[in-house]
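Here's the structure we're looking at; comments come further down.
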Amino acid sequence: MLLWERLKRLRHLLYDWSRAGTTNSLRNIKTPQAEIERVKLIHPIDWNEVRNLEIELNRQWEAEEIYWQQKSRVRWLKKGDQNSSYFHTVTRARRKRNFVAGLRSDTGDWVTEEPGKAAIAMDFYQSLFTSEYQNPNMAERVDNIPILHSITPVMNAALTAEVLPSEVRKTVFSMGSKQASGSD
């Protein structure tokens, strides 16, 4: 068999493979989503099936994220390290996306200067993460949240158990450099 024929056959196989995997990613995500909604409408709800479908949905979202991350890396390797228009477009888009034009202060003033924005952000997070912080609207918001299912005593015991240093170490060292420890 000639090299040309082998390459042609490989091209068709790769095309079929790519059509089967990456182009169906939205369908692979929407199918478990629809199935979860369908299962939640059936009474009594089978929470084990919902959990399994959510695991599958998370797996599909991770595959989609990995696909786009790999695709962006390939594009960056091809065009990003050169002083190309692609490099400058990506840089400008990132700057625009990360730019905060201004923040509203507690008094209602719109602040656009960097030192003022920094002070507002620092004040907000310092008050948010102190024990004295209380949001008067928080109780109303919590009351309006529909609770679908409650925490069992076993779940409560697991949630309130003491966190061991070995667990923290294992979790931190198992994470990738650009990942969070859980699905959120």
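Other members of the cluster containing Phe99 do not exist, because no ILVMFWY side chain is joined to it at under 4.5 Å. Hydrophobic clustering, defined by side-chain heavy atoms of Ile, Leu, Val, Met, Phe, Trp and Tyr closer than 4.5 Å, leaves Leu13 isolated from every other such residue. Leu103 belongs to a hydrophobic cluster whose remaining members, ordered by chain and number, are Val100, Val111, Ile120; membership requires side-chain heavy atoms of ILVMFWY residues under 4.5 Å apart, directly or through intermediates.
In this structure Asp109 satisfies the side-chain hydrogen bond (donor to acceptor under 3.5 Å, both in side chains) test together with Thr107, sequence neighbours excluded. Applying the side-chain hydrogen bond (donor to acceptor under 3.5 Å, both in side chains) test to Thr31 and every residue at least two apart in sequence or in another chain returns nothing. Contacts of Arg38 classified as side chain to side chain contact (heavy atoms under 4.5 Å, CB included), with partners at least two apart in sequence or in another chain: Glu35, Ile42, Glu49. Partners of Glu114 by salt bridge (Lys or Arg N to Asp or Glu O under 4.0 Å), not counting sequence neighbours, listed by chain and number: Lys117. Partners of Glu54 according to the salt bridge (Lys or Arg N to Asp or Glu O under 4.0 Å) rule, which considers only residues two or more places apart in sequence or in another chain, do not exist here. Considering only residues two or more places apart in sequence or on other chains, Asp106 meets the side chain to side chain contact (heavy atoms under 4.5 Å, CB included) condition with none of them. Among residues two or more places apart in sequence or in another chain, the salt bridge (Lys or Arg N to Asp or Glu O under 4.0 Å) test is passed with Arg59 by Glu56.
Note that CZ of Arg97 is 13.5 Å distant from CZ of Arg92, once rounded to the nearest 0.5 Å. Rounding to the nearest 0.5 Å places CD1 of Ile36 at 5.0 Å from CG of Leu57. From Arg11, atom CZ reaches atom NZ of Lys8 across 8.0 Å, with rounding to the nearest 0.5 Å.
Counting all heavy atoms, side chain and backbone alike, Leu53 lies closest to Val39 at CD1-CG2, 3.9 Å.
Under a cut-off of 6.0 angstrom, the local environment of CH2 in Trp110 is crowded, with over 12 non-hydrogen atoms contributed by other residues, nucleotides or ligands.
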Only distances under 3.5 Å count here; give the side-chain donor-acceptor pairs of residues 153-170 to other protein atoms, sequence neighbours excluded, each with its distance to 0.1 Å.
residue: Thr160; atom: OG1; partner: Asn156; partner atom: O; Å: 2.7
residue: Glu167; atom: OE1; partner: Leu164; partner atom: N; Å: 2.9

